[in-house]
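Some notes on the structure that comes next.
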Amino acid sequence: MKFIILGGGLTGLSCALTLKKNGHEVVVLEKESEIGGLARCLRMDGYSFDLGPHFLFGKPVLQALGELLGNSLELKTLDSFLGKMYFRKRYFNFPFQPKDFLINLEPSWLPGVFFDLVSRGIRGSSNNNSIDCVEDWVINSVGKRIYAYTHLGDYISKLYGLSPRLVSKDWGVQKLKFLRNMNPFRLGVKTIVGSSQADKGRRIISYPPSGIDTISKLLAKSFSELGGETILGARALAVSRKGDREAIVDYISEEKKSSVKGDFLISTIPVDELTRMLTPAPEEDVFEAVTALKYRVLIALFLCVNKRQVTKHGCIYFSEKRFPFKRITEFTNLSEKMAPKDKTSLCVEITCFKDDEILCKDDKSIYDLVLTSLEQEGFLQRTEVEKYKVLRIPNAYPVYDLSYYKNLETVFGYLSTLKGIVSIGRQGLFSYNTMGNSIRSGLSIGKELSATDPSGLNAIVQARYQGRLEKYRHALRRADLRLEDVH
């Protein structure tokens, strides 16, 4: 079979390589001038930057990469997550850990916080179906005092641009599962014995020492060596089907319009973009649903710093409103190869909607806004910055507002009726997932499509959409929620 893949990010490349290994003809269309999607790097004057922090969590993704790339990928195992949340001029491990949280908690807050946790430890955290928003979900998990003390509501507002009362509890289920471990019994055990079952079961955290784009470059190289075709700078314009067996993508590249035909189309681009380019067009209710899906833009400020180290941490989350940014990553704390000797590289992240005023500000204004805050807090001085660059990255974060689930049901209900087309990945399934999830899902669907005859392909498509819709609802119902990473 011939497969067309829209998008050369980690999901698309992992799927493309898997299909090619199984003897299929595959062409990848990538609208940017380089592959990698959100897992790209910026490099300038010896400094290297990922587009925010990217880590590989756990053994399953390492097994997937081994299957895809063999032993060609060099990885460094990090001693710990190196993640912190900074608020009230204090650092806390993030995800929160009971002992660390107790030690760093301001004494005046201890009685109230402990009372909330004891109350929830006795009665348990309810999976009440009446809880819709993430604010109620967090308070139900750990109480009002931890929610207020940590400024989690402010962080959510900063990330999503919405009140936490307008953000779905699904975000908490996915990204804040560790809060379910914050109970007085764990706090007591952690304090007395200094260890916990969570510590013993801590997952392996890996990182490519030369930057995260090492993975996408190796995937693309292996794909090319097997005869796979990648067309860069190719922006898809329209997607159509001819009967049940032929997918057609019209695209523009180097100001010339072209088209490519195949038996099956795999889209990893934002699901709203795919839906709008379908021919014939879907019904009005589908358009309304897909238009209602919102994304946040990532503004990434990259700083080349003439200083050996700014912080001791890999990445720091800033929850308080007084900081205009939500996160800082210092890459030389992950790998010394990410900057020249005795210097360091930082990425500062701000999120916004596409019509927010800050997105229209010039690079100097964004730099001044961030540096003023960093200077006031004592992190960095302007005289220590050698150079900076600003990138604006659309569709970086899918927004789980209170209506997103209903809108996804409508959109996926329509897409599931289209034969020979499937939408997958972070963008294609409107899923705030990790790069590990992206790699594993690309490998998985590539295997499934390769092992199935044409008559069974639609079942694979249906399973992908249904699995996305059920994922967090199922997790909410489980009693044994496991610790997840927070990226």
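- Between Ile215 and Leu10, the closest heavy-atom pair is CG2-CD2, 3.9 Å.
- Contact detail for Ser216 and Ala39: the closest heavy-atom pair is OG-O, 3.7 Å.
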Quiz item: Going through the distances and angles, do Ile231 and Val28 end up as a side chain to side chain contact (heavy atoms under 4.5 Å, CB included)?
Solution: CA-CA 6 Å; Ile231 304 175; Val28 176; over 6 Å; no
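- Inter-residue side-chain proximity for Ser319 and Thr150 is flagged as unmet; no heavy-atom pair is nearer than 4.5 Å.
- With 3.5 Å as the limit, one finds no donor-acceptor pair spanning the side chains of Thr344 and Gln309.
- Leu443 contributes atom CG, which lies 4.5 Å from atom OG1 of Thr18 (distance to the nearest 0.5 angstrom).
- Residues Cys347 and Ala300 approach most closely at SG-CB, 4.0 Å, considering heavy atoms.
- Checked by atom type, the side-chain pair Thr452/Glu448 shows no donor-acceptor distance below 3.5 Å.
- A 6.0 Å sphere centred on CZ of Arg43 holds more than 12 heavy atoms belonging to other residues, nucleotides or ligands.
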Practice problem: Please test Glu25 against Met1 for side chain to side chain contact (heavy atoms under 4.5 Å, CB included), starting from the C-alpha separation and ending with a verdict. | Solution: CA-CA 6 Å; Glu25 186 178 355; Met1 291 182 65; over 6 Å; no
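- Between Ile328 and Leu374 there is a side-chain heavy-atom pair separated by less than 4.5 Å.
- Counting only heavy atoms from C-beta outward, the side chains of Ser431 and Tyr400 approach each other to under 4.5 Å.
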Quiz item: Which is it for Tyr147 and Glu135 under the side chain to side chain donor-acceptor pair (under 3.5 Å) test, yes or no, and what are the steps along the way?
Solution: CA-CA 8 Å; Tyr147 181 68; Glu135 178 172 282; 2.9 Å; yes
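- Atom CZ of Arg308 has 12 or fewer heavy atoms from other residues, nucleotides or ligands within 6.0 Å.
- The ring of Tyr149 has its center closer than 6.0 angstrom to the ring center of Phe87.
- In Lys31, the NZ atom is not crowded: 12 or fewer heavy atoms of neighbouring residues, nucleotides or ligands sit closer than 6.0 Å.
- Between Asp136 and Lys169, none of the side-chain N atoms (NZ, or NE/NH1/NH2) sits under 4.0 Å from a carboxylate O, so this pair counts as no salt bridge.
- For the atom pair CG of Leu166 and CD1 of Ile156, the computed distance is 11.5 Å after rounding to the nearest 0.5 Å.
- If you run side-chain contact (heavy atoms from CB on, under 4.5 Å) between Ile266 and each of Leu19, Ile4, Leu6, Val461, only Leu19 comes through.
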Quiz item: For Arg426 and Ser441, what are the C-alpha separation, side-chain angles and deciding distance, and is it a side chain to side chain donor-acceptor pair (under 3.5 Å)?
Solution: CA-CA 10 Å; Arg426 178 184 176 109; Ser441 65; over 6 Å; no
Exercise. May I have the step-by-step check of ring pair (Phe, Tyr, Trp, His ring centres under 6.0 Å) for Tyr295 and Tyr397, ending in yes or no?
Key: CA-CA 5 Å; Tyr295 292 89; Tyr397 296 99; over 10 Å; no
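- More than 12 non-hydrogen atoms from other residues, nucleotides or ligands lie less than 6.0 angstrom from CD of Glu409.
- Between Arg296 and Glu349, none of the side-chain N atoms (NZ, or NE/NH1/NH2) sits under 4.0 Å from a carboxylate O, so this pair counts as no salt bridge.
- Contact detail for Cys133 and Pro164: the closest heavy-atom pair is CB-O, 3.6 Å.
- Phe101 has its ring centre less than 6.0 Å from the ring centre of Phe92.
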Quiz item: Going through the distances and angles, do Arg276 and Asp272 end up as a salt bridge (charged side-chain N to carboxylate O under 4.0 Å, His left out)?
Solution: CA-CA 6 Å; Arg276 290 189 182 96; Asp272 60 326; 3.0 Å; yes
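- Residues Arg440 and Thr434 bring no donor and acceptor atom of their side chains to less than 3.5 Å of each other.
- In this structure, the side chains of Ile350 and Val370 come closer than 4.5 Å at one or more pairs of heavy atoms.
- Figure legend: Lys326 and Phe318 shown without cation-pi pairing, the cationic atom not lying both under 6.0 angstrom from the six-membered ring centre and within 45 degrees of its axis.
- Between Asp401 and Lys294 there is a salt bridge, since at least one side-chain N of the basic residue sits less than 4.0 Å from a carboxylate O of the acidic one.
- In the displayed structure, Lys389 atom NZ is contacted under 6.0 Å by at most 12 heavy atoms of other residues, nucleotides or ligands.
- Inter-residue side-chain proximity for Glu34 and Leu232 is flagged as unmet; no heavy-atom pair is nearer than 4.5 Å.
- In this pair, Phe96 and Phe178 present their aromatic rings perpendicular. The plane angle is above 60°, beyond the 30 to 60° band.
- A pairwise comparison of heavy atoms in Gly428 and Val271 identifies O-CB, 3.5 Å as the closest pair.
- Between Arg235 and Tyr251 there is no side-chain heavy-atom pair separated by less than 4.5 Å.
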Under 3.5 Å donor-acceptor pairs involving side-chain atoms of residues 413-422, not counting sequence neighbours:
from, atom 1, to, atom 2, distance (Å)
Ser416, OG, Phe412, O, 3.2
Ser416, OG, Gly413, O, 2.8
Thr417, OG1, Tyr414, O, 2.5

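- The pair Lys2-Glu229 does not meet the salt-bridge criterion, since no charged nitrogen lies less than 4.0 angstrom from a carboxylate oxygen.
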Quiz prompt | From CA spacing to verdict: side chain to side chain donor-acceptor pair (under 3.5 Å), Lys312, Asn333 | solution = CA-CA 7 Å; Lys312 296 179 180 179; Asn333 289 335; over 6 Å; no
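- Between Arg40 and Asp50 no salt bridge is recorded (no basic side-chain N to carboxylate O distance below 4.0 Å).
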Exercise. Under the side chain to side chain donor-acceptor pair (under 3.5 Å) rule, what do Arg327 and Tyr317 come out as? Steps first, then yes or no, please.
Key: CA-CA 4 Å; Arg327 184 168 59 190; Tyr317 296 80; 3.2 Å; yes
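- Between Phe57 and Phe55, the two ring planes are perpendicular [angle over 60°; tilted spans 30° to 60°].
- Under the 30°/60° scheme for interplanar angles, the aromatic rings of Trp171 and Tyr155 are found to be tilted.
- Across all their heavy atoms, Cys304 and Met44 have their closest contact at SG-CE, 3.5 Å.
- Classification of the Tyr86-Tyr91 ring pair by plane angle, with boundaries at 30° and 60°, yields tilted.
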